[in-house]
Amino acid sequence: MSSAHITFDTTGDKIARRVRKMRSSAVRDLFAAATREDVISLSGGMPAVSLLPPEDVRAATLAAVDSPEARALSLQYGPTNGAPGLRAVLADMMRDLGIRVKADEILVTTGAQEALSLIAEAFIDPGDIIITEGPTYLGALQAFSAFEPDVRAIPFDEEGMRMDLLEAELERIGKGNPRLKYCYVIPNFQNPGGVTMTAERRRRLLQLAHEYNFMVVEDDPYGRLRYDGGHQVPLKAMDDNVIYLGTISKMLGPGLRTGWIAAPEAVLARINLVKQGADLCGSSFDQLIVQHYFTDVNWQRTLQKFVQVYKERRDTMLAALEEFFPPEATWTHPEGGMFLWVTLPDYMDTDSMLAEALEAGVTYVPGNSFFPDGKTGRNSMRVNFSFEEPASITEAIRRLAGVIEERLELYRVFINAGALPGYGKEAIMADEKTATPWSEIIADSEQNEEAVMQAREGDAAQIDIAEEKTVSAQEAAAPAEEAAGE
């Protein structure tokens, strides 16, 4: 007799309203698939921790336990705002970036992800307005969504968040609106876009923050991973009121769950209360290891190794995109960080295409995961270049290009046949802003909608049928066209 049994969830009517609205992380969901040996992962934002010198990690770890005094600190509860020694070290490290803060203006968190949740809990009431870049870090959207804000996503270009569009949105919100709480930005090598906000736009953002009375939350996990160009002054160095988020994940390793918030002491006092209710304190053991790593070993040398290796991998990905991707695709050219953003024609759907990519042995993160509505950006994707070896990156892009080309081949048939209104040969060359939205195209005819849906399902037999319909429609229209020509 089988021992299998079915378990039913009886808590459905007990779940909090805010949890019902939360979305799972697309990256987390992809981890299981990415562990398959035949799959090359371009989806996660994982650093190459194999580059860390084992002797440095070992020395920092042993220092956290090699004396009774060390064990009394590392294995015991610690202060909610973090170990004093680590906060002093972090304050020193931030001076390298031009940021001058005291240790008392720093609160250590369990990774920067907890920092996002703590800030959201401290400041967001349901219906409050939060401004982000569009697209933005999906982990931030997850953290914010639990508290039911109204998230306004502002598009970016190669120079960062569009200040003209931000100003227009702020005018709609209105000055003195108590619902407007903060603007969350990733100015350096933005996740997922890879773009960097210019100095001029940074200054304008801070001016608007004062004019419209909202806080600025600066997330800077990648700031030290610069491969080209010059250093950009952090927002926090330009305005003491900025709430700055940092992490050691990209300089040491995400397994040591250590991030921090640098903010005015009055702000930290509020966040400290929230953290007490969340976890009392972070891991004293992790914090002491981090403190010793950034005090006792030559971590700058290892950081330069990360920069050198990631630059090579970025260049490899850019070269592979240039070689294999179709001319209809565009992508960003990051000066640092871990990601770049690929944009396909707006009739493509990277969400539904992911299953085909997995079959081909490659993963990415669909673009809609990085927008608050979960729908915008379906023709885009984020790809990561920090983790895989150069040869694997090239092969992954080749596989992905094959998947994209297979889908595009069908759409080209319809476009060349004039079966997709708004996407004739002239429209292909037109600016993306003037192209007919995909939602309007499929509404124009039942035939188009059926063909597109079959294409998305990847059913080869039905695609053939759809193509035959297009040919039949052309043949039926031919006599009328000849008559008109006569």
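Note that the structure is a prediction, hence the values are computed from the model and not measured. Residue numbers start at 1 and run along the sequence shown.
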ask   = What residues, two or more places apart in sequence or in another chain, satisfy salt bridge (Lys or Arg N to Asp or Glu O under 4.0 Å) together with E265?
value = K102
Residue pairs involving residues 242-251 (criterion side-chain hydrogen bond (donor to acceptor under 3.5 Å, both in side chains); sequence neighbours excluded) = D220-Y244, T247-S249
request  = Would you sort out whether E114 and K275 count as a salt bridge (Lys or Arg N to Asp or Glu O under 4.0 Å), showing the intermediate values?
outcome  = CA-CA 9 Å; E114 186 190 41; K275 184 169 172 60; 3.0 Å; yes
ask   = Would a distance-only check, ignoring hydrogens and angles, find a side-chain to backbone donor-acceptor pair under 3.5 Å from R257 to P254?
value = yes
query = In this structure, which one of V49, V290, T258 forms a side chain to side chain contact (heavy atoms under 4.5 Å, CB included) with L252?
reply = V290
message = Just verifying a value: how many Å separate M163 CE and L170 CG, rounded to the nearest 0.5 Å?
response = 9.0 Å
inquiry  = Using 0.5 Å steps for rounding, measure from the CD1 atom of I271 to the OG1 atom of T109.
reply    = 9.5 Å
ask   = Side-chain donor-acceptor pair under 3.5 Å between H333 and D228, yes or no?
value = no
ask   = Sub-3.5 Å donor-acceptor pair from the side chain of E218 to the main-chain atoms of K236, do we have one?
value = yes
ask   = Do you know the tightest heavy-atom contact between D38 and R399?
value = O-NH1, 3.2 Å
Check against side-chain contact (heavy atoms from CB on, under 4.5 Å), V362 and V39 = CA-CA 5 Å; V362 61; V39 172; 5.8 Å; no
request  = State whether the side chain of T394 and the backbone N or O of P390 hold a donor-acceptor pair below 3.5 Å, judged by distance alone.
outcome  = yes
task = Answer yes or no: is there a side-chain heavy-atom contact under 4.5 Å between T196 and R226?
result = yes
inquiry  = Whether R203 and D239 form a salt bridge (side-chain N of Lys/Arg under 4.0 Å from carboxylate O of Asp/Glu) is what I want to check.
reply    = no
key: Backbone N/O of Y222 and side chain of N188: donor-acceptor pair under 3.5 Å   = no
inquiry  = Show, in sequence, the C-alpha distance, side-chain angles and deciding distance for E322 and W331, and conclude whether the side-chain contact (heavy atoms from CB on, under 4.5 Å) test is met.
reply    = CA-CA 10 Å; E322 194 68 38; W331 51 87; 3.6 Å; yes
inquiry  = Quick one, M161 and V195 - any side-chain contact, counting heavy atoms below 4.5 Å?
reply    = no
query = Considering residues at least two apart in sequence or located in another chain, which fulfil the side-chain contact (heavy atoms from CB on, under 4.5 Å) criterion with D150?
reply = I129, R152
message = Quick one, S386 and R313 - any side-chain contact, counting heavy atoms below 4.5 Å?
response = no
ask   = Do L107 and W260 come close enough that some side-chain heavy atom pair is under 4.5 Å?
value = no
Residues forming a side-chain contact (heavy atoms from CB on, under 4.5 Å) with R378, sequence neighbours excluded = D349, D351, N368
request  = Could you tell me which non-hydrogen atom of A396 sits nearest to which non-hydrogen atom of I40, and how far apart they are?
outcome  = CB-CG2, 3.6 Å
query = Hey, is CZ on F387 packed in by over 12 heavy atoms from elsewhere, all under 6.0 Å?
reply = no
request  = First locate atom CD1 of I119, then atom CG of L245, and finally report the distance between them rounded to the nearest 0.5 Å.
outcome  = 4.5 Å
ask   = Got a second to check how far S50's OG is from E389's CD, nearest 0.5 Å?
value = 7.0 Å
request  = Please step through side-chain contact (heavy atoms from CB on, under 4.5 Å) for the pair W299 and M251, ending with a clear verdict.
outcome  = CA-CA 8 Å; W299 62 271; M251 295 185 287; 4.2 Å; yes
query = How far apart are the closest heavy atoms of L97 and H231, and which atoms are they?
reply = O-NE2, 3.5 Å
query = N191 and R382: side-chain donor and acceptor closer than 3.5 Å?
reply = yes
ask   = Just by distance, do the side chain of D128 and the backbone of I124 share a donor-acceptor pair under 3.5 Å?
value = no
key: E133 (side chain) donor-acceptor with I186 (main chain) under 3.5 angstrom   = yes
request  = Please indicate whether R95 has more than 12 foreign heavy atoms, meaning atoms of other residues, nucleotides or ligands, lying under 6.0 Å from its CZ.
outcome  = yes
query = Within the side chain of E388, is there an N or O that forms a donor-acceptor pair under 3.5 Å with the backbone of I393?
reply = no
Identified salt bridge (Lys or Arg N to Asp or Glu O under 4.0 Å) counterpart of E167 within the set R172, K175, R204, R201 = R204
key: Heavy-atom closest pair, residues R202 and L235   = CB-CD2, 3.5 Å
task = Determine which pairs satisfy salt bridge (charged side-chain N to carboxylate O under 4.0 Å, His left out) with at least one residue from residues 77-89, sequence neighbours left out, and list them in order.
result = R87-D104
task = Would you please test F294 and I248 for side-chain contact (heavy atoms from CB on, under 4.5 Å) and show each step?
result = CA-CA 10 Å; F294 288 105; I248 58 91; 3.6 Å; yes
message = Using side-chain heavy atoms (C-beta onward) and a distance below 4.5 Å, is Y182 in contact with V216?
response = no
ask   = Is M381 close to L400 at the side-chain level, that is, under 4.5 Å between some pair of heavy atoms?
value = yes
ask   = Mind checking what makes side-chain contact (heavy atoms from CB on, under 4.5 Å) contact with A263, not counting sequence neighbours?
value = I243, I261, V267, L268
request  = Report yes if some heavy atom in the side chain of Y227 is under 4.5 Å from a heavy atom in the side chain of Y310; otherwise report no.
outcome  = yes
key: Pairing of R58 and E55 as salt bridge, 4.0 angstrom limit   = no
query = Do N241 and H210 have side-chain heavy atoms sitting under 4.5 Å apart?
reply = yes
query = Is a side-chain N or O of T343 found less than 3.5 angstrom from the main chain of S380, in a donor-acceptor match?
reply = no
inquiry  = Using modelled atom types and a 3.5 Å cut-off, is there a donor and acceptor pairing between side-chain atoms of S43 and backbone atoms of T363?
reply    = no
key: Rounded distance (nearest 0.5 Å) linking atom CG of L166 with atom CD of E171   = 10.0 Å
inquiry  = Is the distance between the ring centroids of F123 and F147 under 6.0 Å?
reply    = no
Derivation of the ring-ring contact (aromatic ring centres under 6.0 Å, His included) call for F144 and Y184 = CA-CA 10 Å; F144 302 160; Y184 167 76; 5.5 Å; yes
remark   = d(D286 CG, I289 CD1) to nearest 0.5 Å is 6.0 Å
ask   = Any chance CD of E211 has more than 12 other-residue heavy atoms, nucleotides or ligands included, within less than 6.0 Å?
value = yes
request  = Indicate whether the side chain of Q113 and that of Y137 have a donor and an acceptor atom separated by less than 3.5 Å.
outcome  = yes
task = Work out which heavy atom in L340 is nearest to a heavy atom in P334; give both atom names and the distance.
result = CB-CD, 3.8 Å
request  = Could you tell me whether a side-chain N or O of Q291 sits under 3.5 Å from a main-chain N or O of L86, the two making a donor and an acceptor?
outcome  = yes
task = List the atom of N379, the atom of T350, and the distance in Å for their closest heavy-atom pair.
result = C-CG2, 3.9 Å
